[in-house]
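Inspection log for the structure reproduced underneath, given as structure tokens.
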There are 2 protein chains.
Amino acid sequence: MTMDRQLLLLGLLRAQEMHGYQLNEFIDEQMNFCVDLKRSTAYYLLDKLCRDGYVAEEVEREGNRPERKVYRITPTGEERFQELLRQNLAAYEPSVYAEDIGIIFEHQLAPDESLRLMRMRREAILAHRATMEALHVSLPPSHTAVIEHHLLHLDAEITWIDRLIATRSSHASPQATDTASS
Amino acid sequence: MTMDRQLLLLGLLRAQEMHGYQLNEFIDEQMNFCVDLKRSTAYYLLDKLCRDGYVAEEVEREGNRPERKVYRITPTGEERFQELLRQNLAAYEPSVYAEDIGIIFEHQLAPDESLRLMRMRREAILAHRATMEALHVSLPPSHTAVIEHHLLHLDAEITWIDRLIATRSSHASPQATDTASS
DNA sequence: AGTTGAATAATCAGAACTGAGTATATCGCC
DNA sequence: GGCGATATACTCAGTTCTGATTATTCAACT
């Protein structure tokens, strides 16, 4: 993931040189739906990109405002961007899902409770899917591919949890099943 | 993710007290298809679980073999396990996908090259799907839910990349499209 | 009797990451 | 014109994580 965030920073700086704050604002406001990058991490990565020579920072003293740095991509950084982009597009890294761990031990809970918890997750996924769907219409078409990517994975997640709920329901106590279906 | 790995360790130690090495062997051999936990990280987490009082370690000196530690879950650890398990089952954490970053900048590559790279990824995903499918039959039924989870997400990933390849193909140069379809 | 290589069981230095904090300027409002 | 709220721009101490390395036993081979 580290490399992909470096790719993101290089890609943005490639389009336009920026202050750290500007960069962070942009990511937080325009890209929060698909990247999770803390401001402190962004500064850390910018520093690393500088140390590696991919980005140059220039301290800017303007009147008596607090000093700030302009970050711009270097020619080496440009090459690095190309390299990381190609790598990102061609490589597939198998994912790890936190949900798997829970399912491995799920049978140690009473079926009723397990069902209740899984239904809670189902609701949370559905809610998130709805916000993604909303973005789908409000965001510019440049983001369409990314949103569709998320929607596909969300649908996979819903299919899975529905199957689990279905098999567990058949083993749960009649009351619990009734309560849920009412 | 940290909490989920603690859940895993507690869950395994709950079933049976173990040496660090034993625990690591088990995870590496039986669970590598769904969890990625480095041995050093496991030792680190074990240490943290001890500091937090969820696990007790006892140094074992047997003859003059290299000393090793037995880890066993404490009553507090038992409670913690219950808590983490419930949390894991009920919570949904929106995922972040490295692929999204690449797609955002993808248009900066020549369509032909972009297509070539995406087809490479498609192959890699398919290969991984095949190994998962193989596990599906070879692994005990306790792992079925986890495998199916992965297969669903892999199918989502394939659907997505196929759509991308399809839209990009219509814009690529005729030669490139021909070469691929031959 | 000595050497090599696998298995066992960690430790450690350093890299990556985060939450909380620092410091100044500017803006609105009473 | 003074005062809190908000915007700007980081810095830093502490936590988490990883690759490389250390150290011992045991079995096999020479």
Side-chain angles (χ1 to χ4, degrees), chain A residues 1-10 12-13 16-30 32 35-72 84 93 96 98 101, chain B residues 1-10 12-13 16-29 32 35-52 54-72 84 93 96 98 101:
Chain A
M1 206 59 219
T2 307
M3 289 316 167
D4 305 289
R5 276 129 105 218
Q6 293 192 17
L7 170 62
L8 174 66
L9 295 182
L10 286 175
L12 294 178
L13 289 177
Q16 196 194 338
E17 67 179 46
M18 281 193 256
H19 298 137
Y21 192 81
Q22 230 176 320
L23 195 60
N24 273 307
E25 282 289 275
F26 184 81
I27 294 170
D28 279 5
E29 279 164 22
Q30 311 289 313
N32 61 71
V35 304
D36 178 28
L37 183 59
K38 301 285 150 65
R39 292 190 175 212
S40 44
T41 310
Y43 284 115
Y44 167 73
L45 289 175
L46 282 172
D47 188 54
K48 174 151 180 55
L49 287 169
C50 282
R51 290 197 315 270
D52 295 345
Y54 300 134
V55 160
E57 63 180 20
E58 193 185 339
V59 177
E60 200 183 64
R61 266 223 152 279
E62 216 179 273
N64 47 5
R65 315 174 84 250
E67 78 178 19
R68 49 191 192 167
K69 293 171 189 164
V70 191
Y71 298 93
R72 59 174 67 90
L84 288 176
E93 195 61 35
V96 169
I101 312 280
Chain B
M1 206 62 218
T2 308
M3 288 316 167
D4 305 290
R5 276 127 107 218
Q6 293 192 18
L7 170 62
L8 174 67
L9 295 181
L10 287 175
L12 294 178
L13 289 177
Q16 195 194 339
E17 67 179 46
M18 280 193 256
H19 298 137
Y21 192 82
Q22 228 176 320
L23 196 60
N24 273 306
E25 282 287 275
F26 184 81
I27 294 171
D28 279 5
E29 278 164 22
N32 61 72
V35 305
D36 178 27
L37 184 58
K38 302 284 148 64
R39 292 187 175 213
S40 44
T41 309
Y43 283 115
Y44 166 73
L45 289 175
L46 245 19
D47 188 54
K48 173 152 180 56
L49 287 169
C50 283
R51 291 197 314 271
D52 294 346
Y54 300 133
V55 161
E57 62 178 21
E58 193 185 339
V59 176
E60 204 184 62
R61 268 225 149 277
E62 220 179 89
N64 48 5
R65 315 177 81 248
E67 80 177 17
R68 50 189 190 167
K69 293 171 188 164
V70 190
Y71 298 93
R72 60 175 65 90
L84 288 176
E93 196 60 34
V96 169
I101 311 280

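Hydrogens, waters and symmetry mates are skipped; everything else that's a heavy atom, side chains included, is used.
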Under the rule for side-chain contact (heavy atoms from CB on, under 4.5 Å), what residues qualify as partners of [X], not counting sequence neighbours?
{"X": "D47(B)", "value": "R51(B)"}
{"X": "E57(B)", "value": "C50(B), K69(B), Y71(B)"}
{"X": "Q22(B)", "value": "Q16(B), M18(B), H19(B)"}

Could you tell me how far apart [X] ([atom1]) and [N] ([atom2]) are, to the nearest whole angstrom?
{"X": "R39(B)", "N": "dC12(C)", "atom1": "CZ", "atom2": "P", "result": "19 Å"}
{"X": "Y43(B)", "N": "dG19(D)", "atom1": "OH", "atom2": "P", "result": "16 Å"}
{"X": "M3(B)", "N": "dT15(D)", "atom1": "CE", "atom2": "C1'", "result": "12 Å"}
{"X": "Q22(B)", "N": "dA10(C)", "atom1": "CD", "atom2": "P", "result": "10 Å"}
{"X": "D28(B)", "N": "dA7(C)", "atom1": "CG", "atom2": "P", "result": "13 Å"}
{"X": "L23(A)", "N": "dT8(D)", "atom1": "CG", "atom2": "C1'", "result": "14 Å"}
{"X": "E25(B)", "N": "dA7(C)", "atom1": "CD", "atom2": "P", "result": "9 Å"}
{"X": "M18(B)", "N": "dT8(C)", "atom1": "CE", "atom2": "C1'", "result": "16 Å"}

Evaluate side chain to side chain contact (heavy atoms under 4.5 Å, CB included) for R5(B) paired with V35(B), printing each intermediate quantity in order. CA-CA 9 Å; R5(B) 276 127 107 218; V35(B) 305; over 6 Å; no

What side-chain donor-acceptor pairs closer than 3.5 Å can you find for residues 37-46 of chain B, not counting sequence neighbours?
from: R39(B); atom 1: NE; to: D28(B); atom 2: OD2; distance (Å): 3.0
from: R39(B); atom 1: NH2; to: E25(B); atom 2: OE2; distance (Å): 2.7
from: R39(B); atom 1: NH2; to: D28(B); atom 2: OD2; distance (Å): 3.1

Among dA9(D), dT8(C), dT11(D), the nucleotide that comes nearest once only the side chain of Y21(B) is considered: dT8(C)

Choose from dT11(C), dA9(C), dT8(D) the nucleotide whose nearest atom is closest to any side-chain atom of K69(B). dT11(C)

Just the table, please: protein N/O against nucleotides 16-18 of chain C N/O, every pair under 3.5 Å.
from: dA16(C); atom 1: OP2; to: Y44(A); atom 2: OH; distance (Å): 2.9
from: dA16(C); atom 1: O5'; to: Y44(A); atom 2: OH; distance (Å): 3.3
from: dC17(C); atom 1: OP1; to: T2(A); atom 2: OG1; distance (Å): 3.0
from: dC17(C); atom 1: OP1; to: R5(A); atom 2: NH1; distance (Å): 3.2
from: dT18(C); atom 1: OP2; to: T41(A); atom 2: OG1; distance (Å): 2.2

Partners of D4(A) by side-chain hydrogen bond (donor to acceptor under 3.5 Å, both in side chains), sequence neighbours excluded? N88(A)

Residues forming a salt bridge (charged side-chain N to carboxylate O under 4.0 Å, His left out) with D36(B), sequence neighbours excluded: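 With sequence neighbours excluded, D36(B) shows a salt bridge (charged side-chain N to carboxylate O under 4.0 Å, His left out) to no residue whatsoever.
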
Which residues pass the salt bridge (charged side-chain N to carboxylate O under 4.0 Å, His left out) test with E58(B), sequence neighbours left out?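 E58(B): salt bridge (charged side-chain N to carboxylate O under 4.0 Å, His left out) contacts with R72(B).
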
Terminal axes of the helix from dA1(C)-dT30(D) to dC30(C)-dG1(D) (five pairs each): angle between them, nearest 10 degrees: 10°

What's the separation between atom CG in L84(B) and atom CD1 in I101(A), rounded to the nearest 0.5 Å? 11.5 Å

